[in-house]
**Student:** 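Quick one: structure below, then a few questions.
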Number of protein chains: 2
Amino acid sequence: MRKDIHNSNIPVRCMSCEVRHKGMCGALSADELLALSAHTRLVNHESGDELAGEKMPAESYATVIRGVVKLTKTLEDGRQQIVGLQFAPDLLGRLNANENAVSVEAASDVNLCRIPKAALERMVKSNPALAERLMSQTLRELDEARDWMVTLGRKTAAEKVASFLLLIATHLDPEAVGEKRKFDLPLSRADIADFLGLTIETVSRQMSKLKADGVISIVANRHIEVPKLSKLKACCGS
Amino acid sequence: MRKDIHNSNIPVRCMSCEVRHKGMCGALSADELLALSAHTRLVNHESGDELAGEKMPAESYATVIRGVVKLTKTLEDGRQQIVGLQFAPDLLGRLNANENAVSVEAASDVNLCRIPKAALERMVKSNPALAERLMSQTLRELDEARDWMVTLGRKTAAEKVASFLLLIATHLDPEAVGEKRKFDLPLSRADIADFLGLTIETVSRQMSKLKADGVISIVANRHIEVPKLSKLKACCGS
DNA sequence: GCGTTTTCTTGATCGAGATCAAAGTGTCAC
DNA sequence: GTGACACTTTGATCTCGATCAAGAAAACGC
């Protein structure tokens, strides 16, 4: 019954977000997604795929079903900065914009539910509650961007790396209780460096230092364990 | 006739923004501001006044009538970062938020038109066009924040200072044509440093260097002239 | 398995920007 | 005007993170 929501070869698990979020798929409710289902398409991308190019025409919106998506901006000479990370069930795309302000890239393997530009915009116009939820997501992104500006402008390399690990721990395990955290980093050292305005060498050194100080253990390259979250928080400078 | 819009001792020029923006006072149209007039209050602040404190209850919205307002975040040990600048006719305040995410301070002498929280939110609920305009402003702020993240994370001190001067030139004289620009800096060197994630000494040195290179002239401390805007742009790294 | 490639870590050195220190300039009260 | 104070500039030195340079460890193809 749910299978026909998406014109897709992927099983019904594409709606996993619905379960996790009590009927809400981020800004879009399950009902709204269902109403759009004639137009949506589930797509898979692997890590590194470019989903949309900076300054290119904006073609569609998409909700992140699984995985992590990075938003980047690049200077002419190739210097790059990650300006946002989107986790399930965020909506990708700026309402009513005709051009992408950022480049959108899969940071990990990613499942997206693409929604054509016109279809979503039509629904937003006739649905004030949806418009309000999109406003909320945008305000949250603005808050996150401003928090990150403090990190970029005023924190030391050690504080930046600790702040990043805390951010990931918070996003990938939002309902964890107690002081222990375990997670896989969705980003390579190079991506972390681009997020923090550092070089990969500095990121690597600071991770090693956090490990030496007993704040984290690096179980495998990408797999991190935090024995005591408060200890990590104490390294963040605020 | 227009005098009764604001319960205020300031002459009608408080609506100057209406003229400059063809009936729009930023997100709020002149008509909408008129409809709210029973609740609004025009207030003046001088440079340095704190208009709202970080993590304090959000009490009201306000449109910037004249002057420049800075949004700041501060770490526990006092390190500060400016995370946004608001110029006339921006609306201050995050829709439906109960707590300020940032501290709001007058960067120059400022005139504000304060609008009580409930009054504006009531109007937004019944006016989709207004909601859409607020969404546009928020998306613009998000774009600006992300642009600035690139500056903070990846540009050199010289590029940061040039980018700041370009930003101010653009905002304070949006309709200027040709290559020449003249403007007064609305921020002290200390504020510029907090905006750029630098120290005041570095800001001062880079300004002196831009002057020595003929990119700008520093007529008085705060008064800057740019003989050739394209030359300044070439210093911004992108 | 084994070699190739990519990613990550560690070490040595360098340099941009911070810090420390002092002098110069402007502004305001009186 | 004169003094007090705040802001800005300039100089000397130091330090944190960048850069340069190997290695080590995963990941991948076959």
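Each chain gets a letter, A, B and so on, in the order its sequence line appears, and its residues count up from 1. Quick caveat, the model's predicted, so the values are computed rather than measured.
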**Student:** Can you list the steps and then say if A:Arg94 with A:Glu141 is a salt bridge (charged side-chain N to carboxylate O under 4.0 Å, His left out)?
**Tutor:** CA-CA 11 Å; A:Arg94 291 146 66 236; A:Glu141 287 179 41; over 6 Å; no
**Student:** Determine the contact category for A:Ser208: base if any of its heavy atoms lies under 4.0 Å from a base atom, sugar-phosphate if only primed atoms, P, OP1 or OP2 are that close, otherwise nothing.
**Tutor:**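 Touches sugar-phosphate only.
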**Student:** Start with the C-alpha distance between A:Asp143 and B:Lys73, add both sets of side-chain angles, then the distance that settles salt bridge (charged side-chain N to carboxylate O under 4.0 Å, His left out), and finish with yes or no.
**Tutor:** CA-CA 11 Å; A:Asp143 283 351; B:Lys73 287 191 151 247; over 6 Å; no
**Student:** When we call it a touch if two heavy atoms are under 4.0 Å apart, what does B:Ser188 touch: a base, just sugar-phosphate, or nothing?
**Tutor:** sugar-phosphate
**Student:** Can you give me the N/O atom pairs linking the protein to nucleotides 13-20 of chain C at distances under 3.5 Å, or say none if there are none?
**Tutor:**
unit_1: C:dG17; atom_1: OP1; unit_2: B:Ala157; atom_2: N; d: 2.8
unit_1: C:dA18; atom_1: OP2; unit_2: B:Thr199; atom_2: OG1; d: 3.1
unit_1: C:dA18; atom_1: OP2; unit_2: B:Thr202; atom_2: OG1; d: 2.4
unit_1: C:dT19; atom_1: O4; unit_2: B:Arg205; atom_2: NH2; d: 2.9
unit_1: C:dC20; atom_1: N4; unit_2: B:Glu201; atom_2: OE2; d: 3.2

**Student:** State, to the nearest 10°, the angle formed by the axis through the first five base pairs of the helix from C:dG1-D:dC30 to C:dC30-D:dG1 and the axis through its last five.
**Tutor:** 50°
**Student:** Does the salt bridge (charged side-chain N to carboxylate O under 4.0 Å, His left out) test come out yes or no for B:Arg79 and A:Glu159, once each step is laid out?
**Tutor:** CA-CA 13 Å; B:Arg79 283 174 287 175; A:Glu159 290 167 342; 2.8 Å; yes
**Student:** State plainly whether the residues B:Arg205 and B:Glu201 are in salt-bridge range, i.e. N to O under 4.0 Å.
**Tutor:** no
**Student:** Within a reach of under 6.0 Å around CD of B:Glu99, are more than 12 heavy atoms found that belong to other residues, nucleotides or ligands?
**Tutor:** yes
**Student:** Can you tell me how far P of D:dT8 sits from NZ of B:Lys211, to the nearest Å?
**Tutor:**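 After rounding, the gap between these two atoms is 14 Å.
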**Student:** For B:Arg154, is there an ion pair with A:Asp77 - N to carboxylate O distance below 4.0 angstrom?
**Tutor:** no
**Student:** CD of B:Glu59: more than 12 outside heavy atoms within 6.0 angstrom?
**Tutor:** no
**Student:** Could you go through the salt bridge (charged side-chain N to carboxylate O under 4.0 Å, His left out) check for B:Glu105 and B:Lys70 one step at a time?
**Tutor:** CA-CA 5 Å; B:Glu105 202 177 306; B:Lys70 59 185 185 185; 3.3 Å; yes
